[in-house]
Number of protein chains: 2
Amino acid sequence: MKSHYYCSQCLTKQVIRTCELATEKRELREEAVIECMKFLGSFNLKETPSYFGSQIQKIIKEITGNSDPYRIYKERSTEFAEKMIEKLSIDSIEKALRAALTANSIDYGGDKIIEYKETFEEMMKAEIAVNESEKLFKEIEKAEKIVYFFDNAGEAVFDKKFIDFFEAEVIAVGKRSPMFNDITVSELKKMGFENVMDCGDNTGVLRIDKKLEKELKAADVIISKGQANFESLPELWNGVYYLFKVKCRPMSEYLSIPIGSDMVIKI
Amino acid sequence: MKSHYYCSQCLTKQVIRTCELATEKRELREEAVIECMKFLGSFNLKETPSYFGSQIQKIIKEITGNSDPYRIYKERSTEFAEKMIEKLSIDSIEKALRAALTANSIDYGGDKIIEYKETFEEMMKAEIAVNESEKLFKEIEKAEKIVYFFDNAGEAVFDKKFIDFFEAEVIAVGKRSPMFNDITVSELKKMGFENVMDCGDNTGVLRIDKKLEKELKAADVIISKGQANFESLPELWNGVYYLFKVKCRPMSEYLSIPIGSDMVIKI
């Protein structure tokens, strides 16, 4: 998905938020904001929002010397997710999928910081707006190999629970290095995943190298979490199940679906 | 006051809001946003926020062909103010000042759109954080000539009520042409002010021409409404009473006063 004119507002918010997370030093924040604004002078509607977002991250990391500004948030999200998952009795793949979708709200990358502590269980009751999950469950059941593109830390705790219901071999795909609050390959390994691959990080375009391409070709099912992956992945690969919450106005307009809607869709 | 790094976020919000008010045509909105972002590539901390804000307005007006994007909001604000003032029995200069300060909330220029319909009377009860109004009242009482810098439309209805308590000759100062929701000289004339002067418009710096300078020198009291005037006017003129509500984080940090605080201060 190409950028919407509205993305300029969200990107500038990301600049401020990331700079403030990255450093306490006023001069470094100022320098990073000014450099990011210079870069956003090149804002256009041909590139994906992720391209601009990732370039901003790169600039801020370089200037502030902080390679992982969202580290604290990621840790907090993971703690929250671990506590929350204890409270829920997830005893079926259906419930696990529902929880993993709800957990897509634990996000700090977009226009709003969403972390519905008290209402997580309420949110799980919401109807999935576009729901191809029955088809997905059937494919999962028959599959021997599944590739799973992860999204954010915290949320990944719920993804893991969902994956626990798979009998197939699972290839877990994360970011090579820190990018917003996205989970990285090393964090996926720490979570216990054995087959882990990366899909790039700071180029703003998901990168599918030969090794990952081979796995995608061999996979019976490909699952991708999160809106940002949905923005880029369809241009690179067909037949992917996207599980995400519609989080911003441009995406809402693009899909003609209200913000907050949960999606399980194969493209 | 020079720009704060945080102003970049507020300015980008202003871009989107103004473009959407200026035109329904998607292509024009897109063109205007891209041009504004190009301009904001020059964002720095040496210029005032008003400089950037006014340049944005200029770009959007040129591209969309709409010379007054905030016209509808201004009309709505004025209607609201006229209804509200009917409900309040403003029978003293003290109450009139309090109402004029509260009316500074009727604003669409900054980070948030503030229009507290139900709570206007509640807001009038709030203590003025920095309050030199007693000194101001004494000066008004003795004055023969008062220069009054107006801020937004709508709010101006309350300023007029406040001015009704002055016995001095009043010079009403507004913007030469539309600028956000600021009141213009022609609108001040329509409101019944006879001595009206302008302080510029789209240069981003208040402009004090020879004629206005003469009046300022001759004035016994100078009153300036609104945060934006407070950002620029102290560099041009001394001994001005500023009446405004602290509306954003940079100003709050600059003054070490919470957002939402009411100020009556002579500088």
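Reminder, nothing fancy here: chain letters follow the sequence lines and each chain counts from 1.
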Among Leu11(B), Asn44(B), Leu40(B), the one residue meeting side chain to side chain contact (heavy atoms under 4.5 Å, CB included) with Met37(A): Leu40(B)
Taking every non-hydrogen atom, the tightest pair across Ser8(B) and Ile16(A): OG-CD1, 3.4 Å
Crowded around Phe39(B) CZ? As in, over 12 foreign heavy atoms under 6.0 Å?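 Yes.
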Rounded to the nearest 0.5 Å, what separates atom CD in Glu35(B) from atom CZ in Phe43(A)?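 Going from CD on Glu35(B) over to CZ on Phe43(A), the span is 12.5 Å.
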Calculate, to the nearest 0.5 Å, the distance between atoms SG and CD belonging to Cys10(A) and Gln9(B) respectively.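 Between Cys10(A) SG and Gln9(B) CD, I get 10.0 Å after rounding to 0.5 Å.
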Residues in residues 256-267 of chain B that sit under 4.5 Å from chain A, counting heavy atoms only: none
What residues of residues 19-34 of chain B sit under 4.5 Å from chain A when you count only heavy atoms? Glu20(B), Arg26(B), Arg29(B), Glu30(B), Val33(B), Ile34(B)
Do any pairs count as a salt bridge (charged side-chain N to carboxylate O under 4.0 Å, His left out) and have a residue in residues 224-234 of chain B, sequence neighbours left out, and if so which ones?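 Qualifying pairs, neighbours excluded: Glu155(B)-Lys225(B), Asp159(B)-Lys225(B).
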For Lys46(B), check salt bridge (Lys or Arg N to Asp or Glu O under 4.0 Å) against everything at least two apart and list the hits. none
